[in-house]
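Note sheet for the following structure.
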Amino acid sequence: QVQLVESGGGLVQAGGSLRLSCAASGRTFSTYVMGWFFQAPGKEREFVGSISWGDSITTYADSVKGRFTISKDYAKNTVYLQMNSLKFEDTAVYYCAASKRPRRIDGSWYWDYWGQGTQVTVSS
């Protein structure tokens with residue numbers, strides 16, 4: 001059974017940092033892309049960034065470029081989201097996702113697996 005378990009969320013002041021973790025289990029993810037998303041209350045789930053297990057290629061949303069960094073630890077089967085210079089508008093539930101072939105169709109994301117999410121709250 002595939003599981004993605006996020007951790008590391010919490011309350012932080014604006015300008016501060018947090019590191020989220022996503023522990024993956026239940027299968028081999030070497031051919032997968034791992035993604036991070038966030039969803040603020042009453043809003044759509046938005047793409048933060050992704051990393052491919054095989055070649056470590058990363059992509060980021062424009063809103064987080066230069067502030068957020070995605071990395072992975074192959075031995076621990078864990079993906080990380082390092083968030084620096086946090087802003088009030090980064091407040092959201094953050095989700096980890098995994099897919100062999102992530103797709104976006106008509107504005108909706110299609111990934112194979114999702115985690116349960118972890119809350120990040122940034123105080124202004």
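Between Trp36 and Tyr95, the ring centre distance reaches or exceeds 6.0 Å.
Clustering ILVMFWY residues whenever any of their side-chain heavy atoms sit less than 4.5 angstrom apart, transitively, puts Val2 in the very cluster that holds Trp53. Hydrophobic clustering, with ILVMFWY side chains joined whenever heavy atoms are under 4.5 angstrom apart, groups Ile70 together with Phe38. Note: the hydrophobic cluster containing Ile51 also contains Met83 (ILVMFWY, side chain heavy atoms under 4.5 Å, direct or indirect links). Tyr60 and Met34 fall within a single hydrophobic cluster, where Ile, Leu, Val, Met, Phe, Trp and Tyr side chains are chained together by heavy-atom contacts under 4.5 Å. Note on Tyr74: it clusters hydrophobically with Leu4, by side-chain heavy-atom contacts below 4.5 Å among ILVMFWY residues.
Salt-bridge annotation for Lys65 and Asp62: present, with a side-chain N of the basic residue lying under 4.0 Å from a carboxylate O of the acidic one.
Residues passing the side-chain contact (heavy atoms from CB on, under 4.5 Å) test with Ser50, sequence neighbours excluded: Val33, Phe47, Thr59, Trp111.
Gln39 and Lys43 get closest at one heavy-atom pair: NE2-O, 3.1 Å.
Side-chain atoms of Asp73 and Tyr80, non-hydrogen and from C-beta on, do get closer than 4.5 Å to each other. Annotation: side chain of Val48 is in contact with side chain of Tyr94 (closest heavy-atom distance under 4.5 Å).
Between Lys72 and Thr78, the side chains place no donor N or O within less than 3.5 Å of an acceptor N or O (distance only, hydrogens not considered).
Considering CH2 of Trp109 and CD of Glu46, their distance stands at 11.0 Å, rounded to 0.5 Å. Here the NZ atom belonging to Lys100 is positioned 8.0 Å from the OG atom belonging to Ser30, to the nearest 0.5 angstrom. Taking OG of Ser99 as the reference point, atom CZ of Phe29 lies at 10.5 Å (rounded to 0.5 Å).
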(message) If you apply the rule salt bridge (charged side-chain N to carboxylate O under 4.0 Å, His left out), what do you find for Arg101 with Asp112, and how did you get there?
(response) CA-CA 8 Å; Arg101 192 168 63 95; Asp112 297 331; over 6 Å; no
Which atom pairs, one a donor and one an acceptor, fall under 3.5 Å between side chains of residues 10-28 and the rest of the protein, sequence neighbours left out?
unit_1 : atom_1 : unit_2 : atom_2 : d
Ser17  : OG     : Asn84  : OD1    : 2.9
Arg27  : NE     : Tyr32  : OH     : 3.2

Can you list, pair by pair, the side-chain donor-acceptor contacts under 3.5 Å of residues 115-124, counting residues two or more places apart and other chains?
unit_1 : atom_1 : unit_2 : atom_2 : d
Gln116 : NE2    : Glu6   : O      : 3.4
Gln116 : NE2    : Glu6   : OE1    : 3.4
Thr118 : OG1    : Gly9   : N      : 3.3
Gln119 : NE2    : Ala92  : O      : 3.4
Gln119 : NE2    : Thr121 : OG1    : 3.4

